[in-house]
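Below: the structure, in structure tokens.
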Amino acid sequence: MSESTTQKITIVPVPQSNIDSVDFNNLAFGSTFTDYMLWCDFKEGKWQEPVIKPYEPFLLDPSAKVFHYGQAIFEGMKAYKDEQDDVWLFRPDQNFERFNHSAVRMAMPEVPEEIFMGGLKQLVNLERDWVKKGLGNSLYVRPFMIAVGSGVIAAPSSQYRFMIILSPAKSYYSGEVKVIIAEHYSRAANGGIGAAKAAGNYSAQFYPTKLANEKGFQQIIWTDDATHTKLEEAGTMNVFFRINDALYTAPTSERILDGVTRKSLIALAEKMGIEVNIQPVLVSELIEAAKNGSLKEVFGSGTAAVVNPIIGFSYQDDYYELPKIENSMALLLKEKLVHIQYNQAEDPFDWTVKV
Ligand SMILES: *Cc1c(COP(=O)(O)O)cnc(C)c1O
């Protein structure tokens with residue numbers, strides 16, 4: 001890290017920590033927050049001094065642009081604690097870069113490295129007691145930015161707020177996941193904002209996902225918007241297919257988010273000698289592989305669950321169940337990645353960053 005990223009940020013202290021009131025064995029994902037948050041405003045064309053202060057609600061003008069035009073972006077990453085009580089971030093540089101790509105796409109100002117990375121490290125360091133040891137325990141980190149300038153005029157705001165909040169998490173298990181392959185709805189379109197972690201991408205998924213839930217499916221596998229013939233993402237995760245002993249995943253594009261977990265799994269798999277094909281995967285190929293028995297696994301990848309195995313999928317009213325297999329590639333890759341994240345295995349890629 002350069003000198004500039006280690007600049008000290010002012011801390012407004014909390015009267016008393018909440019940590020003793022938290023049951024770390026019973027945490028619903030994303031609903032408990034730590035004592036502090038990072039806060040930094042952008043106004044008059046420049047970023048102001050960041051501050052770390054008590055986690056609490058704040059007031060916004062009812063005409064603030066975030067409420068009307070959805071100028072809002074976020075990131076998701078995790079901090080892990082090893083057996084020596086050291087705290088680690090996993091590839092935070094990737095989240096920083098992606099955050100600023102999202103900012104550019106949404107006509108928002110980019111956040112300087114010393115505010116994003118410097119703020120991230122100081123906040124996580126301050127809250128290190130909230131990161132519990134043991135595989136599965138982590139501190140979920142949520143950087144985000146919203147347009148706080150007022151005025152119901154559809155134009156970019158001149159004022160923004162960048163914040164980081166932290167939420168302790170247990171390992172994320174979403175149960176057995178069955179998915180529907182999208183034939184009508186789309187998550188993203190060419191020329192759209194699918195490659196950005198922009199808030200509106202997620203609310204746009206809620207309704208089709210609700211329809212899928214009503215039919216007994218947990219998620220949707222999104223297909224390309226123009227033809228609905230290519231398999232692109234699973235819910236809010238990237239998606240991998242294992243056919244015989246090779247993995248397949250779509251190349252990133254304007255419609256597909258460039259997941260840090262996705263690219264880390266690809267690198268790990270290749271290092272392990274597993275064949276990885278980064279190419280468009282057709283619905284017809286998936287159906288054929290399911291029918292002839294060469295389809296072994298389908299799984300989503302993302303920060304929250306790392307790997308999320310899918311047990312079956314439906315397409316045009318037919319349901320295809322995946323075989324129960326002994327040597328799951330998904331679980332093997334997950335284990336390898338998790339061990340690097342928790343500093344329990346060598347990190348040949350230099351991915352982890354000590355806080
Ligand atoms: C965040 C996200 C992912 C996963 O990205 P990670 O960096 O691996 O957490 C995949 N798809 C979508 C749509 C996402 O928003």
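In listed order, ligands and their atoms are each counted from 1. Computed from a prediction, not measured in an experiment: that's the story for all the values here.
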Neighbour list for ligand 1 [protein residues, heavy atom under 4.0 Å]:
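Within 4.0 Å of ligand 1, the protein residues are Arg98, Arg187, Lys197, Tyr202, Glu233, Thr236, Met237, Asn238, Leu257, Gly259, Val260, Thr261, Gly302, Thr303.
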
Test side-chain contact (heavy atoms from CB on, under 4.5 Å) on Asn308 and Gln219 and set out the steps.
CA-CA 11 Å; Asn308 206 336; Gln219 281 300 346; over 6 Å; no

Glu44 atom CD, neighbour heavy-atom count above 12 within 6.0 Å
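No, CD of Glu44 has 12 or fewer neighbouring heavy atoms, counting only those of other groups under 6.0 Å.
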
Whether the side chain of Arg161 engages the backbone of Ala147 through a donor-acceptor N/O pair (distance < 3.5 Å, no angle test) should be reported.
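Checked: no pair found.
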
Residue that, paired with Glu75, satisfies salt bridge (Lys or Arg N to Asp or Glu O under 4.0 Å) out of Arg98, Lys197, Arg91:
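With Glu75 as partner, Arg98, Lys197, Arg91 yield a single salt bridge (Lys or Arg N to Asp or Glu O under 4.0 Å), made by Arg98.
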
Lys178 to Tyr319 - nearest heavy-atom pair and separation
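Closest approach of Lys178 to Tyr319: CD-OH, 3.0 Å.
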
Does the pair Arg187/Glu232 count as a salt bridge with the N-to-O cut at 4.0 Å?
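No salt bridge links Arg187 with Glu232.
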
